[in-house]
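A short worksheet on the structure shown next.
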Amino acid sequence: MIAKVANIKSEVEAYQFDENQKAETFRLLYLSKKGIITELFEEFKMAPVEEKRTLGGVLNGLKQLAEAKYQEQKEKEAENNVGDLMAHDITLPVYQTNEGALHPLRIVEDRLLEIFYSLGFDLSEGPEIEDDYHNFGALNFAEDHPARDMQDTFFISEHVLRTHTSSVQVREMEKGKLPLRLVMPGRVYRNEAVSSRSNCFFHQIEGLYIDKGVSFADLKQTLYYFVQQFFGEGTKVRFRSSYFPFTEPSAEMDIWAGVETEENRRLTKGTGWLEVLGCGMVHPNVLKSCDIDPSFYTGFAFGMGIDRITMLKYGITDIRDLFVNDVRMLKQFAGI
Ligand code: DAH
């Protein structure tokens with residue numbers, strides 16, 4: 001058997017790798033489970049005891065030799081592979097990764113904040129779980145106002161999930177520091193049937209400016225500036241008189257979307273005007289509830305739906321698309 005091992009050793013030493021005889025061919029021939037060297041070890045078990053001592057050493061030497069030869073060739077082939085790739089096309093795309101993107105509501109809220117910061121407004125936020133007083137009472141809602149109805153509001157024993165961000169106005173005015181110039185974004189809740197146009201939670205941004213001598217003209221100018229910045233220079237606006245318990249006078253502001261396209265007509269119900277927000281001069285009763293003397297101070301407030309203007313801006317027709325977190329939708333906002 002010693003002679004046989006010696007033969008195979010010279011065979012291994014002489015083995016030439018080429019296009020057809022690669023490291024893997026060599027491994028299969030000598031080192032795999034059914035390879036020649038593995039079989040020699042099987043034979044070794046049966047060899048006479050006297051032979052075993054020398055044979056063991058020689059056999060192990062052979063195995064080491066073959067393994068070293070195999071390793072060396074394998075490394076060479078790996079290097080060549082990289083070389084081959086480089087020689088072909090190094091501009092080939094790398095593995096695809098998923099790029100993160102800001103949610104459209106985040107993009108719009110950031111933009112809104114940026115515009116109002118530029119006018120000297122600061123940020124404030126309040127709790128989503130409110131009491132009846134901050135959500136309704138201090139805002140001049142009558143005891144039996146229909147908005148307090150169980151059908152509109154989610155109640156949690158003594159508390160409510162705030163139905164609007166106007167509650168944050170009250171929390172700020174109560175602090176007793178004037179003047180105030182704030183924007184207050186956040187999530188609000190309404191107990192409504194979910195559909196393409198209404199969801200049981202959505203987002204608003206509230207504005208409040210209280211100082212001596214703040215007038216309706218200040219309100220109009222501030223909101224006009226906002227529209228030009230957000231919807232584009234030259235966008236027409238109109239103010240319609242309206243009613244909110246916490247403002248007097250109250251108004252709603254529309255922007256001109258036009259009636260040129262089917263899309264315009266559907267959105268504006270043929271009027272050309274799109275409702276954007278509610279606003280008004282802070283009602284004296286609200287100021288009084290917060291210990292602010294209405295004979296010295298006046299203020300304006302406004303509130304708008306962030307979801308609504310996000311949908312307008314990006315042509316999203318179903319509000320639920322904003323909340324399902326489907327990456328196919330979110331991806332479209334990468335890099336916007
Ligand atoms: N809170 C009102 C709503 O949810 C929106 C609103 C209207 C806020 C007029 C205001 C305002 O601050 O002055 O429908």
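Whatever order the structure lists ligands and atoms in, that order sets their numbers, starting from 1.
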Of all heavy-atom pairs between Asp254 and Glu275, which one has the smallest distance, and what is that distance?
OD1-CA, 3.2 Å
Taking 4.0 angstrom as the limit, do Arg181 and Asp122 come out as a salt bridge?
no
How far apart are the closest heavy atoms of Glu260 and Ala257, and which atoms are they?
OE1-O, 4.1 Å
Closer than 4.0 Å to some heavy atom of Gln169 - which atoms of ligand 1 meet that?
12 (O)
Find all atoms of ligand 1 within a distance of less than 4.0 Å from any non-hydrogen atom belonging to Thr247, and give their numbers and elements.
13 (O)
Does Arg190 have a heavy atom less than 4.0 Å from any atom of ligand 1?
yes
Heavy-atom contact check, 4.0 Å cutoff: does Phe246 meet ligand 1?
yes
If we only consider heavy atoms of Glu252, is any one of them less than 4.0 Å away from an atom in ligand 1?
no
Ser166 neighbourhood, listing ligand 1 atoms whose heavy-atom distance to it stays under 4.0 Å:
1 (N), 8 (C)
Atom 12 (O) of ligand 1: which protein heavy atom is closest, and how many Å away?
Glu206 OE2, 2.6 Å
Show me which atoms of ligand 1 lie under 4.0 Å from any heavy atom of Gly280.
13 (O)
Gln204 heavy atom under 4.0 Å from ligand 1:
yes
How far apart are the closest heavy atoms of Pro185 and Leu123, and which atoms are they?
CD-CD1, 3.5 Å
Ligand-residue contact atoms, ligand 1 with Phe244, heavy atoms, under 4.0 Å
7 (C), 9 (C)
Heavy-atom proximity to atom 9 (C) of ligand 1, picking from Ser250, Gly305, Gly278, points to Gly278
Would you call Arg148 and Asp152 a salt bridge, taking side-chain N to carboxylate O under 4.0 Å as the test?
no
Going from CG on Leu55 to CZ on Phe41, what distance comes out if it is rounded to the nearest 0.5 angstrom?
9.0 Å
Would you mind listing which atoms of ligand 1 come within a distance below 4.0 Å of any non-hydrogen atom of Ala301?
12 (O), 13 (O)
Rounded to the nearest 0.5 Å, what's the gap from CD on Gln73 to NZ on Lys22? Could you check?
8.0 Å
Pairing of Glu50 and Arg53 as salt bridge, 4.0 angstrom limit:
no
